[in-house]
Amino acid sequence: MSSTDGAGEQLAFIRETVRKAKPRAARGVELADRLPVARVLVDKGVLSLDQFFDYAVPAAMADEARPGVRVRVRFGGRVGASGRREGGALHDGFVVERRETSDYAGPLAPLARVLSSEQVLTPELLRLCRAVADRYAGSLADVLQLAIPPRHAGAEGEPSPRPLPPPSVPEPGGWARYPHGPAFLSSLAAGHAPRAVWTALPGPGWPEEIARAVAATLASGRGALVVLPDGRSVARVDEALTALLGSGRHAVLAADAGPQERYRRWLAVSRGSVQAAIGTRAAMFAPVRRLGLVVVWSDGDSSHSDLNAPYPHVREVALLRAAEEGAGALIGGVATTVEAAQLVRSGWARPLAAERETVRALAPRVRTVTDLDQARDAAAQAARLPSVAWETAREALTRGPVLIQVPRRGYVPSLACGRCRTPARCRACGGPLQAGGADAPLECAWCGTAETDWHCVECGSFKLRAQVVGARRTAEELGRAFPRVPVRTSGRESVLASVPDAPALVISTPGAEPVAEGAGYAAALLLDGWALLGRPDLRAGEEALRRWLTAAALVRPVGEGGAVVVVAEPTARAVQALVRWDPAGHAGVELDEREQLRFPPVSRMASVTGSAAAVADLLGLLRLPEGADVLGPVPVPAVGGKGEETERALIRVAPGQGAALAAALKAGQIARMALRTGDPVRIRIDPVDIG
DNA sequence: AGCACGCCGACT
DNA sequence: GTCGGCGTGCTC
C-alpha cells in the first residue's frame with residue numbers, strides 16, 4: 001500500500017466524521033439548524049439509477065421544505081477549477097425525508113427552491129409508488145409521474161372545502177340479492193377490510209351497489225376509491241353516489257376535466273377534504289386518506305392497463321393498496337377474469353355472487369346459432385343474418401330497442417377463406433391479406449406484396465369472405481333489412497351513452513354499447529362470434545365472453561321477454577358459459593388450464609423486446625431466480641413498422657418469484673445502460689399479447 | 001441524459 | 001510541444 005493511498009483513506013475518514021457531525025453545503029449558504037438535510041427524489045426519468053439524492057436545506061427554507069413537497073434542485077453540475085460549484089440544470093423533485101445527517105461524502109448542493117408547500121407525496125403514496133415500481137421493474141420517478149398530476153398554482157391557492165361528517169350506514173339495497181351482500185356492507189361499515197370478487201348480476205343495478213359499498217366505508221370514518229374503465233361508467237357511479245350521499249363527499253378524477261380542475265379535485269382528495277374518489281385508471285393512485293375500500297369495476301377491460309411505463313394494471317395496483325393500506329377490496333364486474341378467480345382460489349378474496357336462480361331470473365334467454373344456418377328470407381340474406389337472429393330481431397323490434405354487437409369497427413375487413421374460414425395470409429411473410437381497394441388485387445398488410453392468385457391453403461377454396469364486417473357496413477345492411485326502423489350506431493368515434501326505450505336498431509362495437517333507458521333492450525344479436533373466438537390469443541375465450549356478457553347484461557330479463565342470439569360455434573366453452581350465464585365457472589376452468597400450462601396468472605411473466613442482439617445481450621446479463629424459464633427469443637413484427645429486426649423473449653417464473661424477476665430485469669437493464677452497449681430493450685411485466 | 005475528465009494521433 | 005478524438009463515469 002502506498003503512502004498516498006493511506007493518506008487518501010485517512011482524509012476520507014476525516015471527511016466522513018465531519019459529515020456525520022454536521023453536513024456542509026457549498027460555500028456561502030446558511031443551513032437550517034434543525035434537520036439540515038433533505039433527501040430528494042430527482043425527477044429525471046432516464047436517470048435509471050433509481051435513487052435519492054441529499055441536498056442541504058438553506059435556513060430560509062427550513063420550514064417550507066417539508067417531506068412530500070415539490071422542489072427545484074440543481075443536478076449534474078461540476079466542481080470547476082476554482083472549487084466553486086457551477087452549472088447543473090434545474091430539475092423538479094420531491095422531498096422524501098428530512099434528516100440530521102447525510103451518507104454522502106461530499107459537499108451538498110442547496111435546494112434551489114421550494115415550489116409549493118403542498119405535501120403532495122405523502123408517505124403512503126410514496127410507499128405505494130415504490131411498490132408499484134418494484135412490481136413492474138420500473139423507476140420510482142416514472143410511477144410518480146403517473147400518480148401525481150401536474151401542478152397548477154391557482155388550484156393550490158384556493159382552500160378546499162371542509163370535510164363533511166361521515167354519512168349514516170346505507171341500506172343493503174340491491175346487495176340484498178346476493179347472499180353475502182348485506183354482510184359485506186356491514187363489515188365495511190364496522191371498519192373491517194373484507195375482500196371480495198364480485199360477479200355482478202345483469203341489469204342496471206351495479207352503479208348503485210358500488211355507491212352503497214362506498215357509503216358503508218365512509219360511514220366507518222374511512223375513505224374509498226373506485227376505478228372504472230371508461231368515462232360513461234364513471235358518470236353512472238357519480239350519479240349513484242350523488243343520489244345516495246349528495247355532493248361534497250366524493251371527487252370525480254376523470255380526464256375530461258381540464259388540467260387545473262383535475263388538480264383541484266386531486267388536491268381535495270389529498271387534503272382529506274373529500275373522502276371518496278372515483279375515476280378512470282389514473283385514479284388508481286388517488287391519495288385517499290385512511291383508505292378503507294378499493295373497488296375495480298370490470299377488471300378484464302383492457303383500458304385498466306396503463307399505457308405508460310412501467311404499464312401498471314389497475315387491478316394489481318388495487319391489490320397492492322389493499323395489502324399495504326389495510327383496505328377492503330371489491331373486484332369484479334358482469335364477467336369474471338382468470339386473475340379474479342385466482343384471488344378466490346388462493347383464499348385472498350371471497351366470492352360475492354348471487355344464487356343460480358336469481359341469476360336465471362335476471363338474465364335474458366341466450367340462444368346460439370352458427371352462421372351456416374343462413375336465412376331463407378331475402379331481406380335476412382341481405383343482412384347476412386341467420387334466420388334465428390333475424391326472427392329474434394324482427395319480433396323484439398315490436399317491443400323495444402335491439403342491440404347488435406359487431407366485434408370491430410371500421411369498414412374494410414380482413415379476409416378469410418369463404419369455406420373454412422382459415423385467415424388469408426401473405427405467401428411471402430405470413431401477414432394478413434387485405435383488399436387493396438375497389439377491384440385492386442389483394443395485398444399484404446405487412447409487406448405490401450400483391451396476391452393475384454389466392455387460394456386457401458387448408459381447403460383449396462378460391463372463395464374469400466370478409467372476416468369481420470364493421471359497424472358502419474352492418475348498419476347499412478341492417479337498415480335495408482328492416483326498412484322502417486331507426487338505426488343508431490355507437491362506436492369508437494362517437495359513443496352514445498344511452499338510447500330511448502323505443503324500437504330501434506343499435507349497432508355497436510364492444511365497449512361502446514349504450515344503455516337502453518327503461519327496461520333495457522328487448523334483444524341483442526352478437527354477430528361474428530367466431531371471429532372473436534378465433535383470435536390466436538390466450539385470452540380469446542375470456543375476452544369474447546366478457547364482451548358478450550357486457551352487452552347481454554343490458555337486455556331485459558327472460559321474464560320480460562329479453563332474448564340474446566350469439567352467432568358462434570355452440571360447442572365453444574365461452575359460448576356455453578354465456579348460455580348458462582356462468583362467468584365464474586368459465587374463469588375457474590380457464591384457471592385450471594393455465595395452471596396446467598403454467599401460464600399467467602399461475603406464473604409471472606415478463607417480455608423482453610428489442611433487436612436480436614440487444615435481447616441476447618440482456619438475457620446473457622440477467623441473474624434470473626431459480627427455476628426461471630426463458631421462452632424464445634422469437635422474431636416478432638417490428639413495433640415501429642420499419643425493417644429493424646425485432647425479437648421477443650418471454651421469461652416465466654413461479655408466482656412467488658415475481659419480485660425477484662422484476663428485480664433481476666431492472667438490474668440487467670441498469671447494467672446495460674451503464675455499459676451503454678447496443679440499442680435499448682423494452683421490458684414489460686405481465687405482457688398483454690402473449691399466446 | 002449531459003458533461004467533464006482523461007489518455008492517444010496530426011498539427012504548429 | 002499542443003489541440004482534440006470520444007471512451008468512461010459521475011451526478012447529492
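Within the structure, the salt bridge (charged side-chain N to carboxylate O under 4.0 Å, His left out) test picks out the following pairs touching residues 607-622 of chain A (sequence neighbours left out): A/Asp617-A/Arg672.
If you take CD of A/Gln51 and P of C/dC12, they are 11 Å apart, rounded to a whole angstrom. We find that CG of A/Asp43 is positioned 16 Å from C1' of C/dT11, with the value rounded to whole Å. To the nearest angstrom, C1' of C/dC12 lies 12 Å from CZ of A/Arg99. Counting to the nearest Å, the C1' atom of C/dT11 and the CG atom of A/Asp54 are 13 Å from each other. C/dT11 atom C1' lies 16 Å from atom CZ of A/Phe52, rounded to whole Å. Rounded to an integer number of Å, the gap from CZ of A/Arg74 to C1' of C/dC10 is 18 Å. Note: CD1 (A/Ile670) to P (B/dA1) measures 13 Å, nearest angstrom. Separating the CZ atom of A/Phe75 from the C1' atom of B/dC3 is a distance of 12 Å, rounded to the nearest angstrom.
The 12-atom threshold is exceeded at CG of A/Asp629, counting heavy atoms of other residues, nucleotides or ligands nearer than 6.0 Å.
A/Arg70 has no carboxylate O lying under 4.0 Å from a charged side-chain N of A/Asp92, or vice versa, which leaves the two without a salt bridge.
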Practice item. Kindly indicate, with the supporting measurements, whether the criterion side chain to side chain donor-acceptor pair (under 3.5 Å) is fulfilled by A/Glu156 and A/Ser116. Key: CA-CA 8 Å; A/Glu156 283 180 354; A/Ser116 137; 3.0 Å; yes
